[in-house]
Number of protein chains: 2
Amino acid sequence: MTADVDYLNRYDASRFPSPLVTVDSVLFTLHQQSLCVLLVERAAPPQQGLWGLPGGFIDMQQDDGTRATALRKLTEKTGIVPSWLEELGTVSGPGRDPRGWSLTVAWFALIAWEDCEPHIATVSDARWVPVEQLGDYALAFDHGDIIQMALSRLRQKTMYSLLPVYALPACFTHGQLQEATEIILGQPIQRKSLIRRFEASGMFEETGESAATGARKARLWRRKPGVDIHLFSRNLLAD
Amino acid sequence: MTADVDYLNRYDASRFPSPLVTVDSVLFTLHQQSLCVLLVERAAPPQQGLWGLPGGFIDMQQDDGTRATALRKLTEKTGIVPSWLEELGTVSGPGRDPRGWSLTVAWFALIAWEDCEPHIATVSDARWVPVEQLGDYALAFDHGDIIQMALSRLRQKTMYSLLPVYALPACFTHGQLQEATEIILGQPIQRKSLIRRFEASGMFEETGESAATGARKARLWRRKPGVDIHLFSRNLLAD
């Protein structure tokens with residue numbers, strides 16, 4: 001280990017200075033038949049007053065990784081703790097932040113309205129914005145691009161998984177799953193394929209209750225305990 | 001913009017110092033019936049002499065993003081320029097590098113042996129290692145974990161896409177695609193499902209030639225021009 005210690009002493013940070021590093025989260029929910037994204041009004045420069053993603057700098061004293069940074073910032077700025085949070089990717093370069101060459105690690109999640117609505121009510125500068133109304137907001141940095149990346153990823157994953165379940169209440173009907181899937185994709189899907197996928201996943205069980213949908217009753221389903229929905233995908237072994 | 005300029009002057013880097021930031025690439029190929037990953041012997045401390053992923057620090061003067069860093073380092077260290085390179089994700093934390101809190105942005109690719117073999121021959125400290133032999137190598141940092149992440153992602157994507165085509169020569173048979181898919185997954189698949197997916201993608205055309213496979217002849221296929229294989233996935237609209 002002597003060589004490593006020597007190296008630490010000789011390490012010349014000025015040769016390869018680090019870029020600025022931030023962490024940002026794109027949170028989606030479904031509300032009033034719309035796919036919505038969470039924006040926060042920037043309280044400080046740069047770009048004070050513009051709307052951006054909840055996020056901030058890594059605190060190397062506190063955070064054991066960028067997931068911890070994302071969750072800490074979400075708690076501080078929105079009070080929301082998503083049950084599933086996935087890394088979207090990074091965006092980096094010399095031009096995206098006036099403070100210099102910067103890199104942000106972006107995370108994303110889809111959460112049920114029931115789980116975010118009570119918290120957000122207490123934060124005056126956070127707002128759920130329907131994705132089709134994003135054009136009305138002056139967005140900070142390249143956060144508009146990051147939201148579009150997250151939207152693509154969410155739609156792509158919705159195509160081959162059962163991710164929309166994250167946006168549903170704990171007990172839900174096939175009809176609610178279809179509706180959530182179609183709102184996310186922005187287009188109708190083949191209900192038969194969706195139900196086949198749902199049943200083949202083996203991830204859900206009937207609650208024994210049913211919900212009235214118009215004149216008919218529909219069975220209610222819930223996740224089996226300990227199931228990770230984002231790990232399922234329709235695949236070559238199951239086809 | 002005055003507020004922003006003020007802010008630049010007041011920006012206190014010591015309050016949120018940046019972590020060390022590196023970029024690493026996981027390159028896969030198929031060779032002699034094995035899925036192989038590219039390792040490079042570390043020429044300098046820390047962890048000199050151990051085997052790691054080709055990568056290094058961002059050069060903020062040269063690189064316009066971490067993809068550029070990944071490609072620059074691949075060229076310098078291996079001579080390989082993959083036609084497709086996708087971000088795998090980041091790994092970060094206080095314990096992964098003896099030099100301090102660090103973050104690496106990992107990229108991955110699958111390339112045809114024909115495209116990498118001539119280059120690698122000229123680099124003495126780079127080696128293609130079958131994934132089942134990784135245990136024989138002393139790996140630097142957490143690069144073993146990053147390789148496992150990349151392997152999972154590659155297998156996951158193989159389940160719902162036609163990614164294995166990247167490992168094939170320009171003209172290939174259905175049998176070669178099946179074989180590549182099975183080597184990557186490490187298990188047999190349903191040929192009928194694979195062929196159905198291949199045909200439904202609309203991404204390929206017959207060359208008009210055929211290849212001898214044992215006593216029979218098999219038709220040869222190639223990608224249509226301009227097709228991005230990684231954008232295809234079996235999905236709810238196509239099912």
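Naming convention: chains lettered A, B, ... in sequence-line order (proteins, then strands); numbering from 1 in each chain.
Interface check for chain B: of the options A:Arg67, A:Glu87, A:Gln61, A:Lys192, the most heavy-atom pairs under 4.5 Å are formed by A:Glu87. Comparing A:Thr90, A:Thr66, A:Ile58, A:Val21 by heavy-atom pairs within less than 4.5 Å of chain B, the highest count is held by A:Thr90. Counting heavy-atom pairs under 4.5 Å between each of A:Val91, A:Thr22, A:Thr69, A:Asp63 and chain B puts A:Asp63 at the top.
Exactly one of B:Asp24, B:Leu85, B:Val26, B:Leu27 qualifies for a side chain to side chain contact (heavy atoms under 4.5 Å, CB included) with B:Phe108. That residue is B:Val26.
Around the CD atom of A:Gln62, the shell of radius 6.0 Å holds more than 12 heavy atoms that belong to other residues, nucleotides or ligands.
Using a 4.5 Å cut-off between heavy atoms, B:Val105 touches chain A through its side chain atoms alone. At a 4.5 Å heavy-atom cutoff, B:Leu88 makes no contact with chain A through either its backbone or its side chain.
For the residue pair A:Ser18/B:Ser18, the side-chain donor-acceptor check at 3.5 Å is not satisfied. Between the side chains of A:Arg42 and A:Gln48, no donor-acceptor pair of N or O atoms lies under 3.5 Å.
Among all heavy-atom pairs drawn from B:Ile229 and B:Tyr166, the shortest one is N-OH, 3.6 Å.
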